[in-house]
Asker: 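Pasting a structure below so you can have a look.
Naming convention: chains lettered A, B, ... in sequence-line order (proteins, then strands); numbering from 1 in each chain.
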Amino acid sequence: MNIKELLSAKTQAAMVALGLPADTNTAVTISTKVEFGDYQINGAMAAAKLLKTNPRALAEQLVQQLDLADMAEKVEIAGPGFINVTLRKDWLAAQLVGASQNPRLTLSANPAPQTVVVDYSAPNLAKEMHVGHLRSTIIGDAVVRCLEFWGDKVIRQNHMGDWGTQFGMLIAHLEDKLAAGIDLEQVALADLEDFYREAKKRFDDEAGFADKSRDYVVKLQSGDAHCQKLWQLFIDTSIKHSDEVYKTLKVTLGHEHIKPESAYNAMLQPIVDGLKQQGLAVESEGALVVFLQELADKEGNPSPFIVQKTGGGFLYATTDLAACQYRSFDLAADRIVIFTDARQALHFKQVELVARKAGLLKDHVAYDHCPFGTMMGEDGKPFKTRTGGTVKLAELLEEAVVRAKAVVEQKSTDLSAEEMAEVARKVGIGAVKFADLSKNRTSDYVFSWDAMLSFEGATAPYLQYAYTRVSGILRRAGINESFVAPLQLVEEQEKQLAVKLLRLEETLQAVMKDAVPNLLCNYLYELSSQFMSFYEACPILKEGIEPDLKNSRLMLSILVASTLKQGLDLLGIEVMERM
RNA sequence: GCGCCCGUAGCUCAGCUGGAUAGAGCAACGGCCUUCUAAGCCGUGGGUCAUAGGUUCGAGUCCUAUCGGGCGCGCCA
């Protein structure tokens with residue numbers, strides 16, 4: 001059910017009947033104020049300009065053409081030509097029938113399922129995951145869950161960084177550690193950051209180490225068995241680290257989704273050869289470069305895109321072209337969605353241009369690079385800890401659970417110790433995820449321990465608390481999701497809840513189109529907030545409530561519970577019956 | 001130098017294809033627990049939407065310039 005689409009379709013038909021072109025913008029939106037009804041149609045004003053008529057008169061003609069009697073109790077023209085639609089309560093109630101018994105809730109069927117490749121998380125295996133990796137990982141995962149819930153075929157791709165030049169240095173260092181008889185997991189790679197720092201220090205200071213490192217990169221990439229073995233050892237251990245973080249975050253990435261940079265190695269030379277043959281790549285200053293006139297500066301100097309280094313080495317540009325080919329042809333993607341930080345925006349623009357020219361992307365395939373802003377410190381400068389390092393993701397998550405536990409112990413005194421630990425985990429992790437997911441993807445954002453670990457206001461615990469309140473009612477009433485009763489929307493709070501419940505599809509569509517889960521966060525917060533108001537204003541299990549009204553309110557509560565639970569699940573946030 | 005992103009309340013942020021009197025949360029202040037979980041609810045105060053022009057019936061949203069911040073621009077990823 002998508003009320004906005006329904007209204008838009010009806011408006012469009014009415015516009016065509018009045019002689020307007022079929023592509024006229026109907027401009028159906030949600031009303032900004034209760035006085036303006038539930039939805040408003042704003043298209044009459046722009047259309048009037050097209051027909052050179054009076055907008056108010058056109059609005060009146062439109063209203064006469066529109067047949068909304070079944071769904072609207074009031075259709076009013078206001079101001080210069082706004083059409084305000086107030087929906088009928090019985091119509092709203094009818095739209096919700098059966099939703100609680102349907103795993104898709106109020107969603108309609110997906111008319112054209114797509115194959116969508118989603119590239120997200122992509123940690124650099126040379127280093128431990130830090131807070132900067134949070135965004136790509138959980139935004140990507142939320143979008144993936146939404147697409148799957150909607151009914152698209154999703155192929156997850158974890159484009160792990162396992163093939164860069166720093167791996168020569170890392171395996172050279174690892175070789176020496178192992179030679180010294182040090183246990184791999186317990187000592188050598190327990191802390192990837194320390195390991196990296198040690199290796200870097202030797203690379204900078206120790207005579208001969210840098211040369212050996214460079215030699216090892218070449219050997220590794222050309223298939224030398226000894227280097228491959230050491231590298232594999234390092235990669236396996238490093239993946240274990242990211243696995244733990246994924247598990248804690250409830251991120252749906254597994255080993256089967258790993259498609260690391262190294263996996264494209266064999267495709268690189270043929271791609272570069274192809275670019276040369278097509279005349280796209282030319283030699284320049286010893287390297288092979290594709291010059292892009294589309295991205296030229298004011299003087300007409302084209303933007304260079306290096307696909308092969310002097311000496312023959314390949315770069316991430318080449319790998320990303322290979323990824324285009326693999327996803328478009330082997331995986332048969334209709335759409336490719338990539339989550340990385342905004343600094344790579346130019347790079348991906350170049351990749352798409354070159355891939356399309358070279359035929360590495362089929363024409364119909366959408367290529368969406370979804371950037372997100374840089375993480376800033378509370379001083380507004382790029383984020384660094386006091387020691388100049390980064391905050392490890394694992395540490396942030398641990399701290400979140402510790403802080404949540406303190407709150408839970410203070411507020412949830414009638415839970416067992418095990419229940420408290422479980423609630424603390426869900427609240428702590430949920431808070432971190434919600435804090436990040438609820439922000440607009442594109443702007444830079446400020447990293448703050450306190451903001452990220454806040455449990456009051458528009459936070460995950462607020463939504464989780466709303467869920468426990470509904471659960472409490474259903475538990476006390478002795479019913480579960482299979483309970484069915486007719487809905488009667490009497491109070492304003494009840495009607496508003498119904499409208500909000502029916503807005504799930506609208507919200508999901510917007511989230512999937514632009515890969516912006518913050519809209520789902522807003523939606524769920526508003527749903528919870530409206531439920532809280534309903535909870536305060538509309539008693540359910542108290543004395544003197546008519547049985548029909550009580551059952552109707554229980555029905556509404558079940559719909560809120562399912563939508564909240566499902567919605568939070570789409571964000572990868574867990575709920576609980578009590579807290 | 002050129003390019004991309006951003007600038008909304010004291011703070012952190014919403015604001016969907018341009019729409020009516022710009023919304024939340026935090027912080028501040030005032031109410032509400034013998035009645036479905038007070039991690040809550042109800043209310044008050046707080047804004048020249050960076051600045052100046054422009055397009056439009058209508059601009060936080062589109063265009064231009066300026067200021068401020070972040071980032072990117074040939075062999076790292």
Asker: Would you say a side-chain N or O of A/Ser533 is under 4.0 Å from OP1 or OP2 of B/rC42?
Answerer: yes
Asker: If you find the nucleotide of RNA chain B closest to A/Ile540 and the one closest to A/Thr29, which residue's nucleotide is nearer the 5' end?
Answerer: A/Thr29
Asker: Would you say B/rC36 has OP1 or OP2 under 4.0 Å from some side-chain N or O of A/Lys550?
Answerer: no
Asker: When you check the phosphate oxygens OP1 and OP2 of B/rC41, does a side-chain N or O of A/Tyr462 lie under 4.0 Å from one of them?
Answerer: yes
Asker: Determine, for A/Arg403 against A/Asp450, whether the closest basic-nitrogen to carboxylate-oxygen distance falls under 4.0 angstrom.
Answerer: yes
Asker: Would you mind telling me which of B/rC57, B/rA14, B/rC36 lies closest to the side-chain atoms of A/Lys542?
Answerer: B/rC36
Asker: If you look at every strand shown and take non-hydrogen atoms under 4.0 Å, does A/Asp162 touch a base, only sugar-phosphate, or nothing?
Answerer: nothing
Asker: Would you tell me if any nitrogen or oxygen in the side chain of A/Arg469 comes within less than 4.0 Å of OP1 or OP2 on B/rA38?
Answerer: yes
Asker: Just call it for A/Val516: base, sugar-phosphate, or nothing, with non-hydrogen atoms closer than 4.0 Å on any strand.
Answerer: nothing
Asker: Syn versus anti for B/rC33, judged by chi lying within 90° of 0?
Answerer: syn
Asker: Would you say the base of B/rA20 stacks on A/Phe36 (centre-to-centre below 5.5 Å, plane angle below 30°)?
Answerer: yes
Asker: Just to be sure I understand the rule, does A/Glu543 reach a base, reach only the sugar-phosphate, or reach nothing, if contact means heavy atoms closer than 4.0 Å?
Answerer: nothing
Asker: NZ of A/Lys411 versus P of B/rA39: gap in Å, rounded?
Answerer: 5 Å
Asker: Centres of the A/His159 and A/Tyr264 rings: under 6.0 Å?
Answerer: yes
Asker: Between B/rA14 and A/Tyr523, is there an OP1 or OP2 to side-chain N/O distance shorter than 4.0 Å?
Answerer: no
Asker: Look at the side-chain N and O atoms of A/Lys309 and state whether any lies under 4.0 Å from the OP1 or OP2 oxygen of B/rC76.
Answerer: yes
Asker: Does A/Asn301 have a side-chain nitrogen or oxygen under 4.0 Å from the phosphate oxygens OP1 or OP2 of B/rG1?
Answerer: no
Asker: With the stacking rule set at 5.5 Å and 30°, tell me whether A/Phe305 counts as stacking on B/rG74.
Answerer: no
Asker: Using Watson-Crick and G-U wobble pairs with both distances under 3.5 Å, what is the 5'-to-3' dot-bracket string of RNA chain B, with [ ] for crossing pairs and | for pairs outside the strand?
Answerer: (((((((..((((.....[...)))).(((((.......))))).....(((((..]....))))))))))))....
Asker: Compare side-chain N and O positions of A/Asn518 against OP1 and OP2 of B/rC16 and report whether any pair is under 4.0 Å apart.
Answerer: no
